[in-house]
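Note that these values count all heavy atoms, side chains included, but never hydrogens, waters or copies made by symmetry.
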Amino acid sequence: TRICEKEQAMNEKDRMTKQKSRRALLHNLIIAAVIVLFFVLLYYKSDRFQMHVQFIAKTIAHGDFESLKQYLLAWGIWAPIVSAGIMIIVSVIAPIPGVIITITNGLAFGVFWGTLLSWGSSMVGAVICFGIAKALGRPAVEWLVSTKALNKVDGFFERYGNHSVLIARLLPVVSFHLISYAAGLTAITFWGFFWASAIGELPGTIIYSWLGANLTNIGKVWLWGFA
C-alpha cells in the first residue's frame with residue numbers, strides 16, 4: 001500500500017511538473033509574440049498608418065458612418081480582417097473610441113456578425129495591451145498612454161480591486177486600452193483579466209452593433225420626431 005501511495009505521489013508530482021513546464025512555455029511564447037507585435041505596431045506607427053487613422057477620425061467626426069462602411073466593404077472578402085485590424089490597432093495605440101468601429105461593423109455586417117467581429121477583435125487588442133504591460137513594464141505603458149492618464153486609472157484599480165476590469169468594461173466612458181494596460185501592471189492573472197474583459201465587453205458590443213445595424217431606421221425616427 002505504501003509503495004502504491006509513493007508511486008501515486010511521484011506520478012502526481014511528475015504530472016504537476018509537466019503541467020508547470022507547459023504553462024511556462026505557453027507563457028513565454030505569449031510574451032515573445034506580444035513583444036514582436038509591439039515592435040511591429042511601432043513600425044506601422046508611420047505616415048501610412050496615420051493616414052488610415054485620420055480617415056477614420058474624419059469620417060466619424062462628420063458622423064459619416066456610411067463612408068466608413070463603404071471603406072470596409074471595398075476590401076471585399078478581406079473586409080472583416082481589415083475591420084479587425086483597425087479595431088486591434090485602435091485598442092492598442094490609437095486615441096479613437098472602439099465604439100466607432102463597433103457601430104460601423106453593425107452597419108456593415110449586421111448585428112450578429114458585427115458583434116462577433118467587434119467583440120473578438122477588441123479582445124485580441126485587450127490581450128495584446130495586457131501582454132505588453134506584463135512583458136515591458138510601466139515605462140513602456142507610460143510612453144504609450146502617458147503618465148498622467150495611467151496615474152488616473154491607478155486610483156480606479158485601488159478603489160475597485162479585482163473587480164476593476166469588469167466594472168470598467170461595463171462603463172463606456174472608461175478608456176478600453178488604458179484599462180487593459182493598467183491591468184497588466186497589477187497582480188491580476190491573465191485568465192482573470194480575460195474573462196472579466198470578455199463578460200464586461202459583450203453587453204455594450206451587442207448594443208452598439210444593434211445601433212449600427214439600425215442606424216438608418218434610427219435616423220429616420222429622429223427626423224420624423226422633428227417633422
Side-chain angles (χ1 to χ4, degrees), residues 37 41 44 49-130 132 144-145 149 153 164-183 193-222:
L37 283 170
L41 286 169
Y44 277 103
F49 169 76
Q50 291 296 332
M51 180 183 69
H52 286 279
V53 172
Q54 288 170 8
F55 171 79
I56 295 170
K58 182 178 179 181
T59 54
I60 298 306
H62 290 85
D64 195 357
F65 288 92
E66 185 63 31
S67 291
L68 189 55
K69 169 190 170 183
Q70 295 304 322
Y71 169 79
L72 291 176
L73 296 181
W75 289 87
I77 61 173
W78 298 101
I81 296 176
V82 172
S83 174
I86 293 173
M87 178 68 87
I88 292 170
I89 292 172
V90 164
S91 299
V92 175
I93 57 176
I96 300 174
V99 64
I100 294 170
I101 312 301
T102 302
I103 291 174
T104 304
N105 283 341
L107 179 62
F109 307 108
V111 178
F112 178 79
W113 293 112
T115 296
L116 187 63
L117 178 60
S118 297
W119 180 79
S121 54
S122 65
M123 285 302 300
V124 172
V127 169
I128 291 174
C129 292
F130 183 85
I132 288 174
L144 285 166
V145 303
V153 83
S164 299
V165 176
L166 179 60
I167 294 171
R169 296 304 191 220
L170 292 170
L171 299 175
V173 295
V174 180
S175 173
F176 182 89
H177 75 303
L178 185 56
I179 288 296
S180 299
Y181 280 122
F193 168 78
F194 181 88
W195 288 116
S197 294
I199 295 171
E201 185 69 11
L202 189 56
T205 303
I206 293 173
I207 292 171
Y208 289 122
S209 296
W210 180 86
L211 287 174
N214 293 277
L215 195 61
T216 303
N217 292 332
I218 291 172
K220 288 180 180 179
V221 171
W222 184 81

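Nearest heavy atom pair, residue Val111 against residue Ala213, reads CG2-CB, 3.5 Å. When all heavy atoms of Phe109 and Gly114 are compared, the closest pair comes out as CB-N, 4.0 Å. The heavy-atom pair separating Gly200 from Leu170 by the smallest distance is O-CD2, 3.5 Å. Considering all non-hydrogen atoms of both residues, Ala183 and Phe193 come closest at CB-CD1, 3.6 Å.
In this structure, Ser118 contributes its side chain and Thr115 its backbone to no donor-acceptor pair below 3.5 Å.
Ile101 contributes atom CD1, which lies 11.5 Å from atom OG of Ser122 (distance to the nearest 0.5 angstrom). In this structure, CD in Glu201 is found 7.0 Å from OG1 in Thr102, a value given to the nearest 0.5 Å. Taking OG1 of Thr205 as the reference point, atom CG of Leu116 lies at 10.5 Å (rounded to 0.5 Å). Distance check, rounded to the nearest 0.5 Å: OG of Ser91 to OH of Tyr181 gives 9.5 Å. Going from atom CG of Leu117 over to atom CZ of Phe112 covers 11.5 Å, rounded to the nearest 0.5 Å. Rounding to the nearest 0.5 angstrom, the gap separating the CD1 atom in Ile207 from the CD1 atom in Ile103 is 11.0 Å.
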Steps toward side-chain contact (heavy atoms from CB on, under 4.5 Å) verdict (Thr104, Tyr208):
CA-CA 9 Å; Thr104 304; Tyr208 289 122; over 6 Å; no
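Ile100 has its side chain within reach of Leu68: a pair of non-hydrogen atoms, C-beta onward, lies under 4.5 Å apart. Contact check for Arg169 versus Leu202: no side-chain heavy atoms found under the 4.5 Å cut-off. Under the 4.5 Å side-chain criterion, counting only non-hydrogen atoms from C-beta, Ser209 is not in contact with Trp113.
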Under 3.5 Å, which donor-acceptor pairs link side chains of residues 80-87 to any protein atom two or more places apart or in another chain?
from  : atom 1 : to     : atom 2 : distance (Å)
Ser83 : OG     : Asn105 : OD1    : 2.5
Ser83 : OG     : Asn105 : ND2    : 3.1

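Ser121 is linked by a side-chain hydrogen bond (donor to acceptor under 3.5 Å, both in side chains) to nothing, counting only residues two or more places apart in sequence or in another chain.
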